[in-house]
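Everything below concerns the one structure shown next.
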Amino acid sequence: MTHLRLERLTRRFPGTATPAVDGISLDLPQGALLALLGPSGCGKTTTLRMIAGLEAPDGGHIQVAGRDVTALPPHKRNMGVVFQSYALFPHLSAAANVAFGLEMRGVPRAERAKRVADALTLVGLDGFAARKPRQLSGGQQQRVALARALAPQPDLLLLDEPLSALDAKLREEVRDEIRAVQQRLGTTTVFVTHDQTEALAMADLVAVMNQGRIEQLAPPEEVFERPATRFVATFVGRAAILAAEVVAPGLLRAGGATLQAAETPQSGRAEIFIRPHHLRPLADGEDAANALPARVTRRTYTGDIITLECNSPAGTLLAEVPGGTPAASLRMGDTLRLGVDPGDLRVFPA
């Protein structure tokens with residue numbers, strides 16, 4: 001069942017030649033988490049602000065649970081918003097910060113106290129109700145902001161890059177906590193981020209945005225494994241990019257190598273994208289539909305994964321191999337053969 005629907009949503013700012021958001025449409029099911037992913041200036045935050053009522057669209061419609069909210073002011077949309085800056089009141093305790101929105105909605109005192117306690121418990125801060133923001137860590141402040149957004153039991157939860165101010169380890173912890181809380185409550189959520197790891201780890205659906213448009217809207221696995229456009233293939237994850245020529249349907253010439261692909265343009269110049277984890281070292285005598293001789297030119301150790309940068313007849317390749325395997329012992333200058341399945345090659349017109 002669709003809970004959030006955007007129909008041809010558009011926003012133009014004065015003095016700019018192109019729209020910040022250019023007629024985007026999407027349907028988000030009840031209880032799902034949508035990540036709006038893209039580089040700075042792609043329109044993702046503007047989209048979130050229009051959903052929240054903080055920006056007025058120049059065209060299109062916003063529906064929540066079947067209700068058109070396009071013309072409603074923010075306080076009549078029943079949405080919870082967590083900002084990048086947390087926006088906590090420094091002179092109020094954690095409990096008072098969480099209670100603020102409930103007071104504005106006229107929730108009775110007894111019900112308000114219960115909701116505040118429940119919200120703080122939900123985010124793991126039931127023992128921190130009396131503390132001021134300055135007495136809390138960055139992660140704890142973020143949890144207070146989340147509790148404040150959830151306490152009014154919103155129809156929609158909106159998160160605007162809420163983890164960007166946290167260090168890497170804390171960022172991962174809070175990311176997992178937000179996702180766990182969201183799934184527990186079943187709150188439909190829109191999450192803005194430029195971090196692909198966050199988007200892939202948290203979302204049920206990812207909308208990859210570029211220049212005000214959605215280039216692909218799909219589950220995380222599909223966005224990563226089967227990018228719909230060249231932009232998505234380059235923005236999400238790493239890939240070796242090989243210049244090629246289509247010589248026949250399903251057959252390409254890249255440098256000095258001929259490669260088979262499940263899907264190719266009809267003819268002309270093309271670009272081949274290969275994810276590092278799709279390239280596998282071949283054992284002696286092992287065959288593959290695409291087998292390329294290669295020489296290691298760089299080795300990067302990151303713990304459980306070793307990345308090998310290799311020269312091949314097709315061009316420069318990146319291969320990820322698990323630690324503890326024979327290929328993990330390869331060093332610069334060593335030779336090997338790399339195999340890749342035709343279905344793992346993504347090919348776009350050049």
Side-chain angles (χ1 to χ4, degrees), residues 31 33-37 44-45 48-49 51-52 54 74-75 78-105 107 109-204:
L33 189 151
L34 168 71
L36 298 179
L37 173 67
K44 56 188 186 295
T45 294
L48 187 94
R49 290 177 61 83
I51 296 171
L54 303 175
H75 67 278
N78 192 30
M79 297 181 185
V81 185
V82 179
F83 297 101
Q84 183 176 347
S85 62
Y86 313 152
L88 299 178
F89 296 109
H91 61 288
L92 297 181
S93 67
N97 266 283
V98 174
F100 181 80
L102 299 174
E103 292 181 46
M104 295 298 100
R105 287 169 167 82
V107 176
R109 179 174 294 183
E111 173 66 14
R112 192 164 70 226
K114 181 180 184 303
R115 287 208 205 174
V116 169
D118 289 347
L120 288 174
T121 299
L122 186 67
V123 299
L125 290 178
D126 46 330
F128 296 79
R131 295 194 186 184
K132 302 285 180 63
R134 67 177 181 274
Q135 298 171 307
L136 301 170
S137 68
Q140 290 166 340
Q141 290 181 45
Q142 186 57 275
R143 293 182 182 95
V144 173
L146 179 62
R148 181 178 60 187
L150 291 171
Q153 300 170 352
D155 291 328
L156 196 64
L157 177 64
L158 306 175
L159 307 172
D160 186 12
E161 301 208 45
L163 309 179
S164 59
L166 306 179
D167 63 54
K169 183 171 177 56
L170 185 56
R171 189 171 183 148
E172 185 174 339
E173 291 176 3
V174 177
R175 178 195 77 193
D176 293 343
E177 289 171 4
I178 289 175
R179 179 56 165 158
V181 168
Q182 184 268 333
Q183 289 181 313
R184 194 178 314 144
L185 295 178
T187 306
T188 310
T189 301
V190 179
F191 178 89
V192 164
T193 182
H194 63 272
D195 187 312
Q196 58 182 275
T197 301
E198 286 179 5
L200 297 176
M202 294 181 67
D204 298 298

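Position 1 is the first residue of the sequence, and the numbers go up from there. Just so it is clear, the values below take in all heavy atoms, side chains as well, and ignore hydrogens, waters and symmetry mates.
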(request) For K44 and H194, run side-chain contact (heavy atoms from CB on, under 4.5 Å): C-alpha distance rounded to whole Å, both residues' side-chain angles, the deciding distance at 0.1 Å, then the answer. (result) CA-CA 9 Å; K44 56 188 186 295; H194 63 272; 4.2 Å; yes
(message) If the threshold is 4.0 Å, N to carboxylate O, is there a salt bridge linking D204 and R179?
(response) yes
(request) Not counting sequence neighbours, which residues clear ring-ring contact (aromatic ring centres under 6.0 Å, His included) with F83? List them please. (result) none
(request) Examine distances only and state if a side-chain atom of Q141 and a backbone atom of L136 form a donor-acceptor pair shorter than 3.5 Å. (result) yes
(request) For the residue pair M104 and H75, establish whether any side-chain heavy-atom pair is separated by less than 4.5 Å. (result) no
(message) Using the side chain to side chain contact (heavy atoms under 4.5 Å, CB included) criterion, which residues pair with D118? Sequence neighbours excluded.
(response) K114
(request) Quick one: closest heavy-atom pair of G139 and V174, and the distance? (result) CA-CG2, 4.2 Å
(request) Answer yes or no: is there a side-chain heavy-atom contact under 4.5 Å between E161 and D195? (result) no
(request) Using the test side chain to side chain donor-acceptor pair (under 3.5 Å), find all partners of Q196 that sit at least two apart in sequence or belong to another chain. (result) none
(message) Could you check whether any side-chain heavy atom of L36 comes within less than 4.5 Å of a side-chain heavy atom of V190, counting everything from C-beta outward?
(response) yes
(message) Quick check against the 3.5 Å criterion: does S164 have a side-chain atom that pairs as donor or acceptor with the backbone of P162?
(response) no
(request) With sequence neighbours excluded, tell me which residues meet side chain to side chain contact (heavy atoms under 4.5 Å, CB included) with T121. (result) D126
(message) Whether D160 and R49 form a salt bridge (side-chain N of Lys/Arg under 4.0 Å from carboxylate O of Asp/Glu) is what I want to check.
(response) no
(request) List the steps, then state whether side-chain contact (heavy atoms from CB on, under 4.5 Å) holds for F191 with E198. (result) CA-CA 10 Å; F191 178 89; E198 286 179 5; 3.5 Å; yes
(message) Quick check: do R148 and L88 have side-chain heavy atoms less than 4.5 Å from each other?
(response) yes
(request) Please lay out, stage by stage, how R131 and V144 fare under the test side-chain contact (heavy atoms from CB on, under 4.5 Å). (result) CA-CA 11 Å; R131 295 194 186 184; V144 173; over 6 Å; no
(request) Side-chain contact test, heavy atoms from C-beta onward, threshold under 4.5 Å: evaluate it for Q153 versus R115 and give yes or no. (result) yes
(message) If we ignore hydrogens and angles and just use 3.5 Å, is the side chain of Q140 paired with the main-chain N or O of S137 as donor and acceptor?
(response) yes
(request) For side-chain contact (heavy atoms from CB on, under 4.5 Å), just list the numbers for I178 and L163, CA-CA rounded to whole Å, side-chain angles, deciding distance to a tenth of an Å, and then say yes or no. (result) CA-CA 10 Å; I178 289 175; L163 309 179; 3.9 Å; yes
(message) Run the side chain to side chain contact (heavy atoms under 4.5 Å, CB included) test against L92 and tell me which residues pass, sequence neighbours left out.
(response) F89, A96, N97
(request) Indicate yes or no: at least one non-hydrogen side-chain atom of L156 is less than 4.5 angstrom from one of T189. (result) no
(message) Restricting to side chain to side chain contact (heavy atoms under 4.5 Å, CB included), what partner residues turn up for R184, sequence neighbours left out?
(response) L122, A180, V181
(request) Could you tell me whether the side chain of R112 and the main chain of L102 form a donor-acceptor pair under 3.5 Å? (result) no
(message) For a 4.5 angstrom cut-off between non-hydrogen side-chain atoms, does M79 reach L157?
(response) no
(message) Under a 3.5 Å distance rule, please check whether S93 uses its side chain to pair with a backbone N or O of A130 as donor and acceptor.
(response) no
